[in-house]
2 protein chains.
Amino acid sequence: MVNYRQDRLDRTFSALVDPTRRAMLARLERGDGLTVSELAQPFEIKLPAVMKHLDVLDEAGLIVRSKSGRTVTVTLSPEPMREAMDWLSRYERFWAPRLDRLAAYAEAEEAKARRRGK
Amino acid sequence: MVNYRQDRLDRTFSALVDPTRRAMLARLERGDGLTVSELAQPFEIKLPAVMKHLDVLDEAGLIVRSKSGRTVTVTLSPEPMREAMDWLSRYERFWAPRLDRLAAYAEAEEAKARRRGK
DNA sequence: TCTATAGTTCACCATATGGTGAAGTATTGG
DNA sequence: CCAATACTTCACCATATGGTGAACTATAGA
């Protein structure tokens with residue numbers, strides 16, 4: 001298929017399809033700042049495959065790699081997930097049938113936050 | 001099976017990668033219950049391609065098809081998205097470092113732990 | 001009954017994805 | 001300097017994905 005312009009949401013979702021990549025992200029969530037080999041260690045796959053996964057995550061903007069000497073530290077940068085959650089949240093009403101109550105709760109929380117001075 | 005949940009997440013995310021499929025779901029969200037040709041109408045692609053997209057959405061459990069006469073009505077069934085949102089919500093604290101969000105995160109984690117029976 | 005409509009299936013194609021082994025590039029440490 | 005370490009790049013492979021045209025099934029309507 002000819003992909004003229006793969007937008008951010010496309011890249012985010014396709015980065016999240018692969019369970020190896022999701023596991024890498026989950027690992028970084030539990031403890032951020034791992035080297036490439038630390039990240040690779042739990043998986044059966046060889047380093048070139050790990051590299052490709054890191055490239056996908058990097059291009060999706062979900063991780064940042066910083067080189068120091070011969071080691072590369074990978075850190076989480078999950079902001080693109082926010083857009084994905086926003087997209088999904090449109091469908092929330094289908095599984096959360098008491099939307100009015102939830103909306104009221106959210107509003108009350110916001111009011112509380114404002115009272116606290118944001 | 002142990003990997004059942006993971007397989008379902010795989011399928012959900014990979015169904016959501018394609019912008020055509022996301023547009024179809026969005027269309028159903030605005031007005032549920034469209035026939036195959038109504039769903040296909042806004043897109044440039046031919047019916048066989050539409051069929052494949054519907055198969056993917058169906059296998060991901062995101063739509064339901066019901067035949068009546070020679071027309072097939074497609075309805076939304078977005079429950080699998082809930083799991084995807086749950087997965088993403090772990091990362092929410094990275095872009096919303098507000099206290100109430102952190103509390104919600106901690107609560108969700110606790111609930112998850114309880115569900116696992118830990 | 002005959003034909004148009006609605007959808008489905010099939011064979012095929014180009015490109016993307018996720019993996020490999022082998023070889024290369026920097027750094028670090030002895 | 002030399003060897004081990006930590007990636008990185010390359011060529012290649014199998015399978016998946018998203019698309020097509022052609023042909024098919026089944027129902028609706030004149």
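Sequence lines set the chain letters: A, B, ... in the order given, protein chains first and strands last, and positions in each chain run from 1.
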With sequence neighbours excluded, give me every salt bridge (charged side-chain N to carboxylate O under 4.0 Å, His left out) pair touching residues 29-40 of chain B.
-> Arg90(A)-Glu29(B), Arg93(A)-Glu29(B)
Could you tell me the separation between the CD1 atom of Ile45(A) and the P atom of dG21(C), rounded to a whole number of Å?
-> 12 Å
How long is the line joining CG of Leu39(A) and C1' of dA6(D), in whole Å?
-> 14 Å
Ignoring backbone atoms, establish whether His53(B) has a side-chain N or O less than 4.0 Å from OP1 or OP2 of dT17(D).
-> no
d(CD, Glu59(A); C1', dA16(C)) in whole Å = 13 Å
How far apart are the closest heavy atoms of Pro80(B) and Ser77(B), and which atoms are they?
-> CD-O, 3.3 Å
With a cut-off of 3.5 Å and sequence neighbours excluded, list every side-chain donor-acceptor pair involving residues 53-63 of chain A.
residue  : atom : partner  : partner atom : Å
His53(A) : ND1  : Arg21(A) : NH1          : 3.1
Asp55(A) : OD1  : Arg65(A) : NH1          : 3.3
Asp55(A) : OD1  : Arg65(A) : NH2          : 3.0
Asp58(A) : OD2  : Arg65(A) : NE           : 3.0
Asp58(A) : OD2  : Arg65(A) : NH2          : 2.8

Nearest heavy-atom pair of Leu34(A) and Gly31(A): which atoms, and what distance?
-> CG-O, 3.8 Å
Close residues, residues 16-23 of chain A, relative to DNA chain C [heavy-atom separation under 4.0 Å] = Asp18(A), Arg21(A)
Any pair with a residue in residues 70-89 of chain A that passes ring-ring contact (aromatic ring centres under 6.0 Å, His included), sequence neighbours left out, goes on the list, sorted by first then second residue, please.
-> Trp87(A)-Tyr91(A)
Name of the residue among Leu88(B), Leu9(B), Asp10(B), Val17(B) meeting side-chain contact (heavy atoms from CB on, under 4.5 Å) with Leu16(A) = Leu88(B)
Quickly work out the Asp10(A) CG to dG18(D) C1' distance and round it to whole Å.
-> 13 Å
What is the per-nucleotide protein-contact pattern of nucleotides 7-14 of chain D, from the 5' end, where B denotes a base atom under 4.0 Å from a protein heavy atom, S denotes such proximity for sugar-phosphate atoms only, and - denotes neither?
-> BBBB----
Go through residues 26-34 of chain B and report each residue with a non-hydrogen atom lying under 4.0 Å from DNA chain D, sorted by number.
-> none
Nearest non-hydrogen partners of Phe94(A) and Leu76(B), listed with the distance | CZ-CD2, 3.5 Å
Shortest non-hydrogen contact from Thr12(B) to Ala84(B)?
-> CG2-CB, 4.2 Å
Separation of dA23(D) atom P from Lys46(B) atom NZ, nearest Å, is 16 Å
Return yes if some donor-acceptor pair links the side-chain N/O of Arg82(A) with the main-chain N/O of Glu92(B) below 3.5 Å, else return no.
-> no
